[in-house]
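In what follows, a structure is listed as structure tokens, so that the remarks can point back to it.
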Amino acid sequence: MSREDFGEEGARPFAFFRAGARAEPGVANKPILVLEDVYKYFRVDQPTLRGVNLTVERGEFVFVTGPSGAGKSTLLQLIYRKHTVDDGRILFSGRDIARLTERSIPYLRRNLGIVFQDFKIIGHWTVFENVAIALEILSMPRRLVRARVAEALERVGLSGRGDALTDTLSGGEQQRVAVARAIVTEPALILADEPTGNLDPHLAIDVLTLFEEINATGTTVLFATHDHSLIAKRDHRLVSIDEGRVVESRRGLTTWAGGLHSVGG
Amino acid sequence: MSREDFGEEGARPFAFFRAGARAEPGVANKPILVLEDVYKYFRVDQPTLRGVNLTVERGEFVFVTGPSGAGKSTLLQLIYRKHTVDDGRILFSGRDIARLTERSIPYLRRNLGIVFQDFKIIGHWTVFENVAIALEILSMPRRLVRARVAEALERVGLSGRGDALTDTLSGGEQQRVAVARAIVTEPALILADEPTGNLDPHLAIDVLTLFEEINATGTTVLFATHDHSLIAKRDHRLVSIDEGRVVESRRGLTTWAGGLHSVGG
Amino acid sequence: MDLKAAVTRARRGLREERGLYLVAVSSLAVAFLCLAGVLLATQNLSTMAARWGQSGRVSVYLAGDASPDDVTKLEGLLRGLPDVARVEHVTSAQARADFLEHADVGAALGQLPPEAFPASLEVTLAPSATAQRVDAIAGRVKSFAAVTDVETYRGWFDQLDTLVSAGRVAAIVLAALVALCVLAVIGNTIRLAVARRRQEIEVMKLCGATDGFVRGPLVLEGTFQGFVAAVIAILVLMVGFLALKDPINATVAALIGVRVAFLSSWMVVAVIVGGAVIGAAGSALSVRRYLDV
Amino acid sequence: MDLKAAVTRARRGLREERGLYLVAVSSLAVAFLCLAGVLLATQNLSTMAARWGQSGRVSVYLAGDASPDDVTKLEGLLRGLPDVARVEHVTSAQARADFLEHADVGAALGQLPPEAFPASLEVTLAPSATAQRVDAIAGRVKSFAAVTDVETYRGWFDQLDTLVSAGRVAAIVLAALVALCVLAVIGNTIRLAVARRRQEIEVMKLCGATDGFVRGPLVLEGTFQGFVAAVIAILVLMVGFLALKDPINATVAALIGVRVAFLSSWMVVAVIVGGAVIGAAGSALSVRRYLDV
Ligand SMILES: Nc1ncnc2c1ncn2[C@@H]1O[C@H](COP(=O)(O)OP(=O)(O)OP(=O)(O)O)[C@@H](O)[C@H]1O
Ligand SMILES: Nc1ncnc2c1ncn2[C@@H]1O[C@H](COP(=O)(O)OP(=O)(O)OP(=O)(O)O)[C@@H](O)[C@H]1O
Ligand SMILES: [Mg+2]
Ligand SMILES: [Mg+2]
């Protein structure tokens, strides 16, 4: 009898990691995310990631930065199993995500809140529907869905826009819909890929603050961004991807010298 | 006989505005772009633009800024006739673009180089094809197309990536493909909508510098951006959109106080 | 999979893309109409063929001097055979009258005496009668003294048989062609409908939706479209049938002696259920290739 | 519009989306196969119908005492009529032999004297002969002294006429149904192919492409797909025809006296050209709704 045949239990290795439900004592001590010597080759001659080692503790807030094409998005994609690692392994709450069966992947992703760099929102759906889908996937009752979507939209500054078609929104508004969808499920880990690229500085700070508030409730946040003014304003751990490797730039605001060039060199 | 029946001539009111061909003396003196009291209502109760007045001289470089949802993209979309004005008029080289026939719109757009906020590149085409299409539309011979595409890709830092499928590029790389497509035709007017949102600070400066170089050859540039660090670094004219109106913030670096809030208030 | 949620989302799809639904349902309806039409035609043709096939008969000519007893005995014997449906005694006089009435060969023959027309037993065979059985009957009957000759119309029946079976082959070939065409329409229509959802499928999968969650509403939509299309097809076919029924009955059918009939109710149910099943299966198959995100 | 550039871009499309091309071409081929098949069937059926229609004839029964001169004169007169194709003189003896051979009514009739069977002129009519003309001929001929009776087989022909025209109606209804189905397949297939290009069309239009520039390669693709599909359909139909020709000729066709024939070459050309035109028109129509950017 294979692992897949254990039914619901076998297919849901991560069901107990929803943010509000961390009763199991052994799990709470483990780091939520461990990358061990991760390689990813898109072209054989030129790996995008070559030996990434990174440990993220439960409840951390981590900035991920690096030049364009460095592999920030690739790193996040490996975590949500859009791609699989070519070498090394990634442990999410102690489990190797490379060894998940096809049927288990949805249950991994339900523990994640992802803001995609290209938003991945459905233009011909309303704002409400785009956010609500994340909760509908969890089979949440409609009344609860309405309440939580409204709350999430308010947090990103889009309250009252729920009925608008997403196609008719401005770039920044669309990006905030993507953010709302990522936070509405109260996931254990948020993977935010450039979530402020289309926002003005005020809103960018607002969204960053929003993620920090969520982080304060125990959610782990990986925040990939180019925006050095954001990074400089906050005292979070910062990892840079450069030449396919991860460089720990600082653990506190004081140890970081500033611009990216001083880090990568 | 209607205007449309004049054949090629009637349909091409802008054919003589290509960057390299400004022989006509009367035209060179006129401002390239005039917005007179432009209104745009997406919702009846709440106009996005309410009385925008703006004159852009030939060869100017103009930053357009404003909070998310202010109407920056809408302004640019009115210029390339994705939408039409609800009131007022927009003159491109002295011609009212609201009065263009359907058949003339392509000839208006051939004078424009547009970087779309959502890139609008074709994921299943190669990088080369995405850039080359702009020249193929102009019926340029293949050899010339190859040479000019290669040059444009080099200018945005993507030389050698021409054969990659655009889907496989990183966000910033895709954005640079969009920039390359906008500049490859050497248009008279560049409309860049947030062209550096997915680029790291280094590359953002590089792309800005690229637009400035092109501007130096006589091309007019409208550069919509949120990135205040970019705006602050350069001494270009800056217009802010706030509450649906345009505020001239500065004509030179010295007159601008800094953050957006000091402008909009 | 939560059925109620799937229904909700399927209805949302209906509301959003009414145009696409119309295209899909109308295409499917045309396809089912073709299929049901061919079914209807085949069914009626095979009824006619069966009817033709049933008209097997044998004429047993009786000797002029056959005693009524012998004839009655022979008649009883024939009636007792399993393959015989009906036996009718035609006397010489009746035969002469029949001949003159039908043969249309001018007045000269009217002068023929009744003796020129032998009396006969006209045997109508049951539909189950095969050529061998008929030959066996003919052989047995011929040995009776009262019988001068037995006519089995074998040549005519052989010809008719070929005709009917050729018609059957043609109908099968035609039906197969139409079925192929119908499947192509259905496949393409559903693939089109699902391809439009490609992006939604990707997003849902990336947000942690199971394959079942994604498939659910699409399969429901496919089922619904197939069902509605099949119902429309049946209704249109029924209207067409009612319009054409009388002229057809008045001409072709009257010649052959059969009235055209609409599809039997279980056939109607089969078409409708088949439509729903094809819609569901088509959707489930089409969606598979987009699930790998 | 620059044709060469359009061809280049159409070929790029072919290279990029081979799978889509295969789907489209195969669907179109099935559709055209149906259409061409119905054409083929209709053509052969109408040949058969025409052949049946031609078998119009009239029997002119001659008085036993008619002089050979009168008969020859009547024969000549009939031959001179425009509606008459052939006239054959059947003597009493021949008529008796024919009757005995065909009528299969037992030995008793063999004793009938030749006089029971009147001599006749068997007139075969030209295909152009209408019922009115036949009646007119019959009326004129009846007034001759040598003629006892004229048989126009009117009842039989009326029945045959109804049969043939009912068959024609059925064929037309069927052909219309198939054409509808074919158009639905073609429309959906091409719409699917064009919808996949929606984003490309938007981008090209925003970069200043004229409608012609966008439409060009898509119309070329549609033309090519339609052309290839029609050629495939014709080839498949031809294979099927060659395979079924002999059995059909041996059975149905032999009964009616016609051999089945393939589509005429101009018909083949029409199907292929029609395929290309439908492909082009379908693409041009489908692309229209995406051009408004
Ligand atoms: N599916 C893929 N196939 C091939 N190459 C890929 C694929 N995905 C990413 N790459 C390549 O890997 C490199 C890293 O891409 P990635 O998207 O991770 O960069 P990034 O750090 O997110 O950059 P950006 O800041 O521009 O978004 C890029 O050069 C990209 O071309
Ligand atoms: N087609 C449309 N239909 C309805 N509303 C629209 C449409 N396009 C834009 N809007 C609305 O108009 C407002 C301005 O949009 P616009 O895209 O111009 O903003 P923007 O300044 O570009 O913002 P951002 O910096 O976020 O891109 C937004 O509130 C948006 O919702
Ligand atoms: Mg990225
Ligand atoms: Mg915008």
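Chain A is the first sequence line, chain B the second, and so forth, proteins listed ahead of strands; every chain is numbered from 1. As the structure is a prediction and not an experimental result, all values here were calculated from the model. Just so you know, these numbers use all the heavy atoms, side chains as well, and skip hydrogens, waters and symmetry mates.
B:T225 and B:D227 share no side-chain donor-acceptor pair at under 3.5 Å. Judged by distance alone, the side chains of B:E212 and B:H236 do bring a donor and an acceptor atom under 3.5 Å apart.
Not counting sequence neighbours, the partners of A:L165 by the side chain to side chain contact (heavy atoms under 4.5 Å, CB included) test are A:T126, A:T168. With sequence neighbours left out, B:D118 forms a salt bridge (Lys or Arg N to Asp or Glu O under 4.0 Å) with B:K120.
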Would you mind writing out the side-chain donor-acceptor pairs for residues 38-53 of chain B within the sub-3.5 Å range, not counting sequence neighbours?
| residue | atom | partner | partner atom | Å |
| --- | --- | --- | --- | --- |
| B:K40 | NZ | B:T84 | O | 2.8 |
| B:R50 | NE | B:E243 | O | 3.3 |
| B:N53 | OD1 | B:D37 | N | 2.8 |

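Contact record, B:N198 with A:H226: O-NE2, 3.0 Å, taken as the closest heavy-atom pair.
Residues of residues 169-181 of chain A having a heavy atom under 4.5 Å from any heavy atom of chain B, listed by number: A:S170, A:G171, A:G172, A:E173, A:R176.
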